[in-house]
Amino acid sequence: MNAPLLTSTHWGVYEVEVENGRVARLKPFKHDPQPSPIGNAIPGALTSPTRVLRPAVRKSWLEGGPGSATQRRGAEPFVQVSWERALDLVAAEVDRVRKTFGNSAIFAGSYGWSSAGRFHHAQSQVHRFMNCAGGYVAHVGTYSLGAARTLLPHIVGDMDELRAQHTPWTVLEQHCKLFLAFGGVPLRNTQVNSGGASQHEVGMWLRRLAAAGVALVNVSPVKSDLATTRAVEWIPIRPNTDAAFMLALAHTLVAEGRHDEDFLATHCVGFERLRAYLMGEADGAAKDAAWAAPICDVPADTIVDLARRLAANRSMITTAWSLQRADHGEQPYWLTVALAAMLGQIGLPGGGFALGYGPVNAEGADAHAYSGPVLPQGINAVKTPIPVARISDMLLDPGGKYDFNGAERIYPDIRLVYWCGGNPFHHQQDLNRLIAAWRKPETIVIHEQFWTSAAKHADIVLPATNSLERNDIGSTGRDRYMIAMKKAAEAPGEARDDYTIFAEISRRIGTHRAFTENRDAAGWLRYLYEASRERADRYGIELPGFDDFWEEGCFEVPKPAEPNVMLRAFRADPRAHRLSTPSGRIEIFSERIASFGYADCPGHPAWFEPIEWLGERAARYPLHLISSQPSTKLHSQYDHGTVSRERKIRGREPIRIHPDDAAARALHAGDIVRVFNDRGQCLAGVRIEAGLKRGVVQMSTGAWYDPLVPGEIGTLDKHGNANVLTIDKGTSKLAQGTSAHTCLVEIERYAGEPPPISAFDPPQFVEESAPVPPRV
Ligand SMILES: Nc1nc2c(c(=O)[nH]1)N[C@H]1C(S)=C(S)[C@@H](COP(=O)(O)OP(=O)(O)OC[C@H]3O[C@@H](n4cnc5c(=O)[nH]c(N)nc54)[C@H](O)[C@@H]3O)O[C@H]1N2
Ligand SMILES: Nc1nc2c(c(=O)[nH]1)N[C@H]1C(S)=C(S)[C@@H](COP(=O)(O)OP(=O)(O)OC[C@H]3O[C@@H](n4cnc5c(=O)[nH]c(N)nc54)[C@H](O)[C@@H]3O)O[C@H]1N2
Ligand SMILES: [Mo]
């Protein structure tokens, strides 16, 4: 029997069924115990009217050239052109900008998850292309982990190195007694893993932990963030106040002499500075449970009791990534580490801290960190990357100064923005501000499969193939299967692979040889597979020959001989296994961070009131909006697919609200509401849910931005994109991460018939010479 045709996505591996040359359905991978339904969205979406079929250029840009009527981006029709012409236009523009203004006038950070195949990874492709062409302004950090990635190397180590040695569920089941999860372990998020998620086991592991008698405690505004077959303790906390809660836990440990003085002396530096802060020696305010209770809206007794149980048991403290995606998001992460250090269980099986079990599928997996093929991106000659979420600041303030991680930096003056494999109109906060920023560059080029809002706001849109329309290899660290992703269908229209597109542009600007190294896509797959062999060896993994792998369809990566325990070696011998921090130890006080002199991120972790929060006296907007990850899709990907659309309310994104908050506004399930604040407004559909903290509303991200008046700043988003409401502010001068989870809003019933959804319609296409029809 022939091996099944497999494909890999960020949310799972599937068997592909092809009928009449088209992808008919995706069936679960036989090794996946709990496959994600998101895959069902793909077959219908591939040939939907939302697909980009031909290269298209915004009308004014085509007629007037770079910089023409940029305020009309998002509002204007497109002209479809031939590939030859589109490639000539893009090549000429890249050349013009790099020769006139230098490569530092090109922004191609191009943040985004792209697709799971490792060679056709769009973001890697655009980076490689630009590096061959002289470089580009890149980004550092991610939306996911903006604050954590910058903070952790100062205080305990590189985020990826720590994640690679995360203690797996198997060890927790055997040794852990108290599992304290800030932000829970939302199973919906464990559907996903960057680069592939071949097995979904976290639901099973939570059941096994509960069955083994591990106490599961969920500190979150949302009850369902940690749910399994047995009881879970829920501590409904006011959003963005976890740092105060953790400080009170720490205070209780010190006040009752339950902290581990030895571990703090031998493995940490600077505890006395935190201690002085906890005891109120510096500011006269002891950070005890009575102090934290009104901030967090949690009874003081609950905090004291939890602190005692943490010290009395083998305890694991895990913190969802969402907590650091908020104003001062560095603080709960620093305190997670500090608290675990005070408990003295770091490096013991089942104890210590974790950087999230549950944000993604791989956290907690008992698997090697080996990841297969990686496309080399080359070296970037432009050395001025921006923190990833500062894109609007950069575009709005060329030459402006900003602080980041100990350095003062200057925003570059961007003329050309090139995006491939991401959706800034999904990921960026304060979309109205982004729209203003988006008017600044002279040219915006995007490769896309679908007419997303980002594509509609570009000048030149090039149609890209989907993973199912090309050969690739799926593989990522801590996932158990490497997948031969075989082409299953022809791309519709004129879509081309990103690689082919970049190769053609490279030919026109004289960088073809450097970009392609004279390989075609098939040559690259074989080459990259072989290049990963040496890395596999380091983990004792023996890869089959490429042809065997390709024919077999998948390769099972063997499990590690022994499960990890994070920081075990450091615990055993802190001198021989120094950390990469300045002191080689865990830094509860960081001299280096203190030396930066940032008022919003001093030398030890502390509580700061967020820029807006529910504890604010006389807050103008009384509801805290959590814009968490969607269960029915990955970010904005396949929002136009059936899986996501079936869960909408009259076509709008659901907003979850507590029954009391709904009653106070006379709202009923299924109502369409307007959600608003000073930054923006959108429609959403009401879903009433008792398992929310009062005063908190929740909307998932990912609904495609759908403006009532396209191109107009502040217009109503008809569809429910939370990012018209979120704040565009760095977490602090240290990390400048996104503060998406810090956001206050009000909601009211939307009177009248809601306007029809147009998010999934392609833009209007016109002939080149035709006059632009008036807007209706
Ligand atoms: N309010 C709020 N905002 C958030 C967050 C939040 O919690 N709250 N979370 C943030 C986080 S953690 C993240 S990671 C970001 C995610 O933000 P993004 O990663 O930008 O979101 P995606 O929807 O995955 O965008 C990927 C795009 O790439 C396209 N694509 C896929 N494959 C290919 C390909 O092969 N070629 C080309 N050319 N294109 C391709 C898809 O069609 C899609 O439009 O969002 C952030 N935004
Ligand atoms: N299905 C699906 N899974 C995904 C993704 C997706 O788009 N779809 N995206 C993936 C990506 S890119 C990332 S980075 C991860 C993100 O992983 P996370 O950042 O952990 O995910 P979120 O869904 O933003 O938030 C997790 C939970 O934190 C809670 N929370 C919010 N604010 C607070 C707070 O102030 N305090 C406390 N204690 N809890 C709070 C929310 O109730 C929420 O359910 O998810 C990944 N998984
Ligand atoms: Mo993310």
Side-chain angles (χ1 to χ4, degrees), residues 10-11 36 38 52 110-117 120-123 125-126 142-146 181-194 197 218-225 235-242 245 319-326 329 332 356 358-361 389 419-429 446-450 452-455 462-467 470 472 497-498 501 610 613 624-639 692-693 696 698-702 704 721-723 725-726 738 740-743:
H10 295 300
W11 49 90
S36 163
I38 300 176
V52 183
S110 187
Y111 183 81
W113 268 50
S114 313
S115 288
H120 291 289
H121 182 244
Q123 201 188 153
Q125 290 284 350
V126 65
T142 60
Y143 280 81
S144 319
L145 288 162
F182 289 90
V185 182
L187 286 180
R188 61 157 198 282
N189 288 3
T190 69
Q191 289 177 94
V192 157
N193 195 45
S194 177
N218 176 30
V219 181
S220 172
V222 180
K223 186 175 182 188
S224 61
D225 279 346
I235 301 177
I237 191 173
R238 178 178 283 156
N240 290 192
T241 67
D242 303 79
F245 187 100
T319 302
W321 298 350
S322 55
L323 273 77
Q324 50 85 63
R325 231 183 289 112
V360 291
N361 183 59
W419 226 287
C420 184
N423 183 353
F425 281 75
H426 162 75
H427 63 234
Q428 178 62 3
Q429 287 52 66
I446 285 186
H447 300 189
E448 251 300 348
Q449 301 164 358
F450 303 109
T452 61
S453 28
L462 304 179
T465 53
N466 184 278
S467 293
R470 60 202 184 202
D472 211 336
D497 300 345
D498 296 301
I501 300 171
W613 67 302
H624 181 109
L625 173 70
I626 293 178
S627 51
S628 38
Q629 311 295 338
S631 61
T632 54
K633 55 188 171 270
L634 171 70
H635 314 135
S636 68
Q637 297 195 34
Y638 299 101
D639 188 39
L692 285 179
K693 185 168 179 60
V696 173
Q698 185 276 339
M699 279 175 86
S700 300
T701 59
W704 290 9
N721 184 316
N723 276 328
L725 302 161
T726 51
T738 172
H741 279 305
T742 298
C743 179

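Position 1 is the first residue of the sequence; numbering continues from there. First listed ligand is number 1; within each ligand, the first listed atom is number 1.
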K.L.:
Give the atoms of ligand 1, by number and element, whose distance to some non-hydrogen atom of A122 is under 4.0 Å.
P.N.:
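Counting atoms of ligand 1 from 1, those under 4.0 Å from A122 are 34 (C), 36 (N), 37 (C).
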K.L.:
If the contact criterion is a heavy-atom separation under 4.0 Å, does Q429 count as touching ligand 1?
P.N.:
yes
K.L.:
Check T738 against R325 and note the closest heavy-atom contact, atom names and distance.
P.N.:
CG2-CG, 3.2 Å
K.L.:
Is ligand 1 under 4.0 Å from a heavy atom in the side chain of S115, in the backbone, in both, or in neither?
P.N.:
both
K.L.:
Taking ring-ring contact (aromatic ring centres under 6.0 Å, His included) as the definition, give me every residue that meets it alongside H121, ordered by chain and number, with sequence neighbours left out.
P.N.:
none
K.L.:
For the residue pair Y143 and W321, establish whether any side-chain heavy-atom pair is separated by less than 4.5 Å.
P.N.:
no
K.L.:
Show the nearest heavy-atom pair for residues I501 and P463, with the distance to one decimal.
P.N.:
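Taking every non-hydrogen atom into account, CD1-O, 3.9 Å.
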K.L.:
If the contact criterion is a heavy-atom separation under 4.0 Å, does R470 count as touching ligand 1?
P.N.:
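The answer is yes: ligand 1 sits under 4.0 Å from a heavy atom of R470.
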K.L.:
State, with a plain yes or no, whether a side-chain heavy atom of I626 is found less than 4.5 Å away from one of H741.
P.N.:
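They are in contact (side-chain heavy atoms under 4.5 Å apart), so the answer is yes.
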K.L.:
For ligand 1, which atoms sit closer than 4.0 Å to a heavy atom of E448?
P.N.:
27 (C), 28 (O), 29 (C), 41 (C), 42 (O), 43 (C), 44 (O)
K.L.:
Please list, in number order, the atoms of ligand 1 under 4.0 Å from a heavy atom of T726.
P.N.:
1 (N)
K.L.:
Test of understanding: given a 4.0 Å heavy-atom threshold, classify the contact between T452 and ligand 1 as side chain, backbone, both, or neither.
P.N.:
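Just the side chain.
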K.L.:
For residues H120 and D472, is any side-chain donor paired with an opposing acceptor at under 3.5 Å?
P.N.:
no
K.L.:
At a 4.0 angstrom heavy-atom cut-off, what protein residues surround ligand 2?
P.N.:
W113, S144, G183, P186, R188, N189, Q191, V192, V219, S220, P221, V222, D225, I237, P239, N240, D242, A320, W321, S322, L323, R325, P359, V360, I626, S628, Q629, P630, K633, L634, H635, H741
K.L.:
So that I know where these two stand, are W613 and H624 an aromatic pair - ring centroids less than 6.0 Å apart?
P.N.:
no
K.L.:
Which of the numbered atoms in ligand 1 are under 4.0 angstrom from any heavy atom belonging to S114?
P.N.:
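Near S114, the atoms of ligand 1 are 31 (C), 32 (N).
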K.L.:
Just by distance, with hydrogens left out, do S700 and Q629 show a side-chain donor and acceptor under 3.5 Å apart?
P.N.:
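There is no such pair between these side chains.
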K.L.:
List every atom of ligand 1 that sits less than 4.0 Å from any heavy atom of H447, numbering the atoms from 1 in the order shown and giving each element.
P.N.:
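In order of number, 37 (C), 38 (N), 39 (N).
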K.L.:
D498 heavy atoms, cut-off 4.0 Å: which ligand 1 atoms fall inside?
P.N.:
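So the atoms of ligand 1 that pass are 34 (C), 35 (O), 36 (N), 37 (C), 38 (N).
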K.L.:
Do H427 and P424 have side chains that get closer than 4.5 Å, going by heavy atoms?
P.N.:
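They are in side-chain contact.
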K.L.:
Hey, does I237 have a side-chain heavy atom less than 4.5 Å from the side chain of P221?
P.N.:
yes
K.L.:
Do D639 and S636 meet the criterion of a side-chain donor-acceptor pair at a distance under 3.5 Å?
P.N.:
no
K.L.:
Side chains of H635 and V192: closer than 4.5 Å at any heavy-atom pair?
P.N.:
no
K.L.:
Can an N or O of G421 be found at a distance shorter than 3.5 Å from an N or O of ligand 1?
P.N.:
yes
K.L.:
Heavy-atom contacts with G112 under 4.0 Å: which atoms of ligand 1 show up? List them by number with element.
P.N.:
18 (P), 19 (O), 20 (O)
K.L.:
With a cut-off of 4.0 Å, which atoms of ligand 1 are near a heavy atom of N723?
P.N.:
1 (N), 2 (C), 3 (N)
